[in-house]
Structure formats: C-alpha cells, structure tokens
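Data first, discussion second: the structure below is written as structure tokens.
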Amino acid sequence: MIYHIGVVSLGCAKNLVDTETMLGLLHREGFKITNKEEQADILIVNTCGFIESAKQESIENILELAEYKEKGKCKLLIVTGCLVERYKEEIINEMPEVDAIVGTGNYHEIAEVINQAFEGQKIQKVGNQDFSPEEGLPRIQSTPKYTAYLKIADGCDNHCTYCIIPKLRGRYRSRKMEAIIQEANQLAQNGVKELLIIAQDTSRYGIDLYDAYKLDELLNELCNIKGIEWIRLHYCYPENITEKLIDTIASQPKICNYIDIPIQHCSDEVLKKMGRKSTKENLNSLIFELREKIPTITIRTSLIVGFPGETEKQFEELVDFVEEIHFDRMGVFKYSQEEDTPAAKLDNQIDEETKQIRYEKLMTIQSEISVQVNAKKVGKCLDVLIEGFDADSGFYYGRTYADSIDIDGMVLFKSKHKLKTGTFVKVNISEAEKYDLIGVVSNEFSE
C-alpha cells in the first residue's frame, strides 16, 4: 500500500532543512508527499521549542493535526524536532494522539519510525542531539526552485544564558567542506541560483573540524560553482567575523553585500549577563569596518529587550545605539523566561508590560530608519530576483541583494513584457515605502 505523508515544518530555517531531508528519505522509501492534510495517511509536525511563543505554536499545530485522525485519513501522527527533545515525556503522556516522537538527532530514522509505528509500537527516538547523520541524504526542496538553504553546521557551543538551543541541538558540529560543496553543486544543477548559508553560528564554521575559522575559505569554494549567482550569509556571531571573512565578502561578486549579525544588545553589562562575548566597543568597530570595506553592505541584526535586570538606562543605551548605527534591517524579540536556562533563575525578571513598551519603542525607531534607508534607493537601478507576479495589482515582485527571503522587504515593479520567475532583472526604483520599493524594469523606464 502507498501511504501519503503531510508535513508541517515550524521554527527556523535549520529545522526546515531537516524537514526537507525527512521528505527526501520518505520519498526514497516509496511514500507519497501531499500538501493536503486531509488526504494524508501520516502527518508529521517538525516542531520548534526555542521560546514560549514557538512552543505554543508547535502545540497548537499538533492538536490541529490530531483532528485529522477523526475527520481525515490520518493513521499516524508523528512529532519531531526541538519540542520533542525538550518535552518528550509531556508529549507522550499528555498527547495520546501522538504515535511517535523523533528528536533532532534522529530525524534520519523517520522511515524506520513510521514502519515500527504501523506495527503498533509507541516509538521514542530522542536524546541523540550530538549525532550527525551521514552525508548525501536525499532532500526535497520546499523553498522556490531558485533559492535554497545550505546548512553548514548544526548545534551550538556558545551557551548564551537565555538560550536552550545547545540542549536541543547538541554541540557545534561543522560539516566537512567537501560534503557542503557537493550538496551546493547538486542544488545548482537542480536550478538553485541563491544559496542562503545557515547554521546556529555560521561565522564559527570549521573551528571544530579544522582548528580554524574556515567560512571565508568555504565561501570562496562556493563562488566557483556554476549557476550560483547569489550567496547570502545568515547568523554570523560578531566575535567570530574575521578580517579574512570581511575581505572575502568585499572581493567576491557572488556574495551578497548582506550579513545577518545577531548582536542581541549593546550594553556591556547586559551582554555579559547574556553570556555573549562581544562588547559595545567591539560591535562599533566591526560595523565601522564592514561599512568602510563594503560601502553598500546591508546589515541585519536581532535584539532582545527585557532581559532580566535590564535597567531603563541600559535600554536607553540600546535605543541610542540603534539610532546611531542605523541598522538596515532589525528584528526585536521580547525576552522569554525559559526553564533550564541560567537567565531564568536571575533576579529582577521584567514584567511583560515593560517588555512590550520597549519592544514597540525600538520597532517604531527602526520603522523610521527603514524609511530613510529605502528613500536613498530611489533613482537607483537594482538587480532584482523575480519571485512572482500579482495579477490583481499588475506588479511583479522580487528581492534585491539587500533582502533575504521571508524576512525582509520586496521590490514591486512593472514590466510590459512577460518575465520568468527565478530570473534576474534590472529595476529602476521610483518610490520607497516603509519596507518595500516600487519601480519599473530599466529598459522600459523611458518608454
């Protein structure tokens, strides 16, 4: 009998790559993949367990899919990912609808788990966080054909005091460079033009395998792959961004002048309590060097407000820092008190109302900065990766080198000619909105 499988993937891009690998393994074993949950014989939820809101989203999705055991064809409900590593006993004991749980180090066993679950066994495959599956496993890409995530490492050794990830994903484990290059070549042969480089900390790549930071060397190798036109860097912790890495970004035309640097705060006191290794002076120096060597660099960051003990003075220091630095892109998170983390035990936990006020203030400031950043692009001609066409408005839409998929802005533009999704086009920017740009294809600008 042929079984149909439906999958919901939650959380980060690293989790999505695990989901894509599970899909590839199941397809290889003869299972059929469906995006219609009501038609699935087996439903899988690949969960996130990072912060409270992510946990709640995961639980809600599990319960929603469990209903298909009554109203659909679902025979098995399997829960995988970070939530499983964190709350395996609660899921098994409090969710009888769940037939099997699979942790972050066991997702490569998904086909075996399904077969055992069909025999009536209640399967628990957890506690293997430090394991790295063999290279070359099949993968079914869920992103658009022209864009793919490339995971270069798993786990984390940073042990920030607010973060549970090392306990869920294990120690930091770089993949061998040869295996990454091989996968990137395969992605390029499949039509991928943009690689999004991800890990919990990409700038740490290689230190465990080669006793040196090797991200710059890896990037140089990736730039040699035919068909790849954009390479985009995510999750580069600031303390590990080397001179060689900056020079590589500056010199390699395929590497987008875009870098995601999660700094979390600027106050030295708060950074120390967070277990971060940077200082305000280091951050200022790094950002200055990036902008000096790469004048068109787009810098994205993420911040946490309401960390235990964050004083009004320390928050205002962060406000001043944001206003001075003018990050091109910025996400803000309200601190989540997570059990089993050192920060959860700290005194002076901050109330939710104060967190919300601080969150809104920073986001308001950033929205004003975004307007200014976008306004400077009016009158410029930018390369845009076409992502689709909206028939109702008559606009094509896509992204520039300064925009990563799903998290940054878009370019909306007109064209008198039919254009193909996944190709590049030059667009003259005529208007700027808060987060998006508007323009027209350059060779039609004067018509």
Side-chain angles (χ1 to χ4, degrees), residues 13-14 17 132 135-136 139 141 143 146-157 172-262 285-300 328 383 385 399-405 422 424:
K14 300 176 287 294
V17 173
S132 295
E135 294 288 356
R139 174 181 169 190
Q141 192 179 321
T143 50
Y146 48 84
T147 296
Y149 292 104
L150 184 62
K151 185 161 67 169
I152 64 173
D154 214 331
C156 186
D157 288 346
Y172 193 85
R173 308 179 306 284
S174 298
R175 296 175 60 196
K176 290 183 178 179
M177 195 175 299
E178 297 80 6
I180 297 171
I181 299 301
Q182 184 176 359
E183 181 180 6
N185 269 297
Q186 185 60 57
L187 290 169
Q189 291 171 22
N190 292 343
V192 169
K193 297 181 179 180
E194 178 187 33
L195 291 175
L196 299 103
I197 310 301
I198 58 169
Q200 194 63 32
D201 178 358
T202 53
S203 50
R204 193 180 182 85
Y205 173 75
I207 194 68
D208 55 317
L209 274 184
Y210 308 112
D211 201 28
Y213 296 120
K214 291 283 188 175
L215 182 57
D216 59 292
E217 187 175 324
L218 173 63
L219 291 172
N220 281 318
E221 292 294 330
L222 291 173
C223 287
N224 293 327
I225 297 176
K226 185 178 180 181
I228 298 299
E229 299 189 42
W230 276 0
I231 299 172
R232 188 181 300 278
L233 284 174
H234 281 280
Y235 318 129
C236 292
Y237 279 46
E239 56 271 12
N240 299 329
I241 296 176
T242 63
E243 293 277 350
K244 285 184 178 180
L245 178 58
I246 296 173
D247 292 341
T248 298
I249 298 170
S251 63
Q252 286 284 13
K254 285 188 177 184
I255 301 177
C256 294
N257 289 347
Y258 177 107
I259 190 167
D260 183 336
I261 310 173
S285 297
L286 173 63
I287 293 166
F288 176 82
E289 183 177 5
L290 281 165
R291 287 175 169 167
E292 183 179 46
K293 289 188 173 181
I294 316 169
T296 58
I297 190 81
T298 289
I299 301 176
R300 161 172 275 282
D328 302 271
D383 290 325
L385 176 59
R399 293 181 287 112
T400 71
Y401 78 89
D403 308 297
S404 194
I405 189 169
F424 289 86

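Computed over heavy atoms, backbone and side chain alike; hydrogens, waters and symmetry mates excluded.
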Worksheet entry | A153 to S174 - nearest heavy-atom pair and separation | CB-CA, 3.7 Å
Worksheet item: Cut-off 3.5 Å, side chains only: do S404 and H234 have a donor facing an acceptor?
Response: yes
Fill in: T143/L196 under side chain to side chain contact (heavy atoms under 4.5 Å, CB included): CA gap, chis, key distance, verdict
CA-CA 11 Å; T143 50; L196 299 103; over 6 Å; no
Practice prompt. With K14 as the cation and Y235 as the aromatic partner, state whether NZ or CZ is under 6.0 Å from the six-membered ring centre and within 45° of the axis.
Written response: yes
Discussion item. Just so I know, are the side chains of L385 and D403 near enough to count as touching, which here means a heavy-atom distance under 4.5 Å?
Written reply: no
Worksheet item: Can you tell if the side chain of I249 reaches within under 4.5 Å of the side chain of N257, non-hydrogen atoms only?
Response: yes
Discussion item. As an exercise, state the distance from CD1 of I261 to OH of Y237, rounded to the nearest 0.5 Å.
Written reply: 12.5 Å
Worksheet item: Tell me, do L222 and I228 make a side-chain contact under 4.5 Å, heavy atoms counted?
Response: no
Discussion item. Show, in sequence, the C-alpha distance, side-chain angles and deciding distance for Y401 and D383, and conclude whether the side chain to side chain contact (heavy atoms under 4.5 Å, CB included) test is met.
Written reply: CA-CA 8 Å; Y401 78 89; D383 290 325; over 6 Å; no
Fill in: side chain to side chain donor-acceptor pair (under 3.5 Å) pairs, two or more places apart, involving residues 220-229
N220-Q252
Discussion item. To the closest 0.5 Å, what do you measure between OG1 (T298) and CZ (R291)?
Written reply: 9.0 Å
Practice prompt. Only counting residues at least two apart or in another chain, list the ones meeting side-chain hydrogen bond (donor to acceptor under 3.5 Å, both in side chains) with N185.
Written response: none
Fill in: Minimum-distance pair of heavy atoms, taken over all atoms of P262 and P238
O-CD, 3.9 Å
Discussion item. Contact between I198 and I152 at the side-chain level, heavy atoms closer than 4.5 Å - yes or no?
Written reply: no
Fill in: Shortest non-hydrogen contact between Y258 and A402, atoms and distance
CE1-O, 3.4 Å
Worksheet item: Is the closest side-chain heavy-atom distance between V192 and T147 below 4.5 Å?
Response: no
Worksheet item: Do E135 and R175 meet the salt-bridge criterion of a basic N to acidic O distance under 4.0 Å?
Response: yes
Fill in: Salt-bridge contact R173-D157 (side-chain N to carboxylate O under 4.0 Å)
no
Worksheet item: Should L286 and I246 count as side-chain neighbours, where that means a heavy-atom distance under 4.5 Å?
Response: yes
Fill in: R204 vs L215, side chain to side chain contact (heavy atoms under 4.5 Å, CB included): CA-CA, chis, key distance, verdict
CA-CA 7 Å; R204 193 180 182 85; L215 182 57; over 6 Å; no
Discussion item. Please check if the number of heavy atoms outside Y210 that lie under 6.0 Å from its OH is greater than 12.
Written reply: yes
Discussion item. Looking at Q200, is its backbone amide N or carbonyl O close enough to the side chain of Y172 to form a donor-acceptor pair, meaning the two atoms are under 3.5 Å apart?
Written reply: no
Worksheet entry | Rounded distance [0.5 Å steps], CZ in R139 versus CD in Q186 | 11.0 Å
Discussion item. Within the 4.5 Å heavy-atom criterion, are L209 and K176 side-chain neighbours or not?
Written reply: yes
Worksheet item: Listed by chain and number, what are the ring-ring contact (aromatic ring centres under 6.0 Å, His included) partners of Y149, not counting sequence neighbours?
Response: none
Worksheet item: Can you name the residues that form a side-chain hydrogen bond (donor to acceptor under 3.5 Å, both in side chains) with Y146, not counting sequence neighbours?
Response: E387
Practice prompt. State whether K293 and E243 are salt-bridged, where the test is any N-O pair (Lys NZ or Arg NE/NH1/NH2 against Asp/Glu carboxylate O) under 4.0 Å.
Written response: yes
Worksheet item: So D247 and T242, side chain to side chain contact (heavy atoms under 4.5 Å, CB included) or not? Walk me through it.
Response: CA-CA 9 Å; D247 292 341; T242 63; over 6 Å; no
Worksheet item: Is K244 atom NZ crowded by more than 12 heavy atoms from other residues, nucleotides or ligands, each under 6.0 Å away?
Response: no
Fill in: Side-chain heavy-atom pair I225, L187 within 4.5 angstrom cut-off
no
Practice prompt. Check side-chain hydrogen bond (donor to acceptor under 3.5 Å, both in side chains) between K151 and all other residues, then give those that pass, not counting sequence neighbours.
Written response: D18, D154
Worksheet item: Where do D328 and I299 come nearest, in terms of heavy atoms and distance?
Response: OD2-N, 3.0 Å
Practice prompt. Please report the closest heavy-atom contact between A184 and L150, naming both atoms and the distance.
Written response: CB-CD2, 4.1 Å
Worksheet entry | Straight-line distance of D201 CG to C236 SG, nearest 0.5 Å | 7.5 Å
Discussion item. F424: which residues meet the ring-ring contact (aromatic ring centres under 6.0 Å, His included) condition with it, sequence neighbours left out?
Written reply: W230
Worksheet, complete the sentence: N240 and S203 have their tightest heavy-atom pair at CB-OG, 3.4 Å
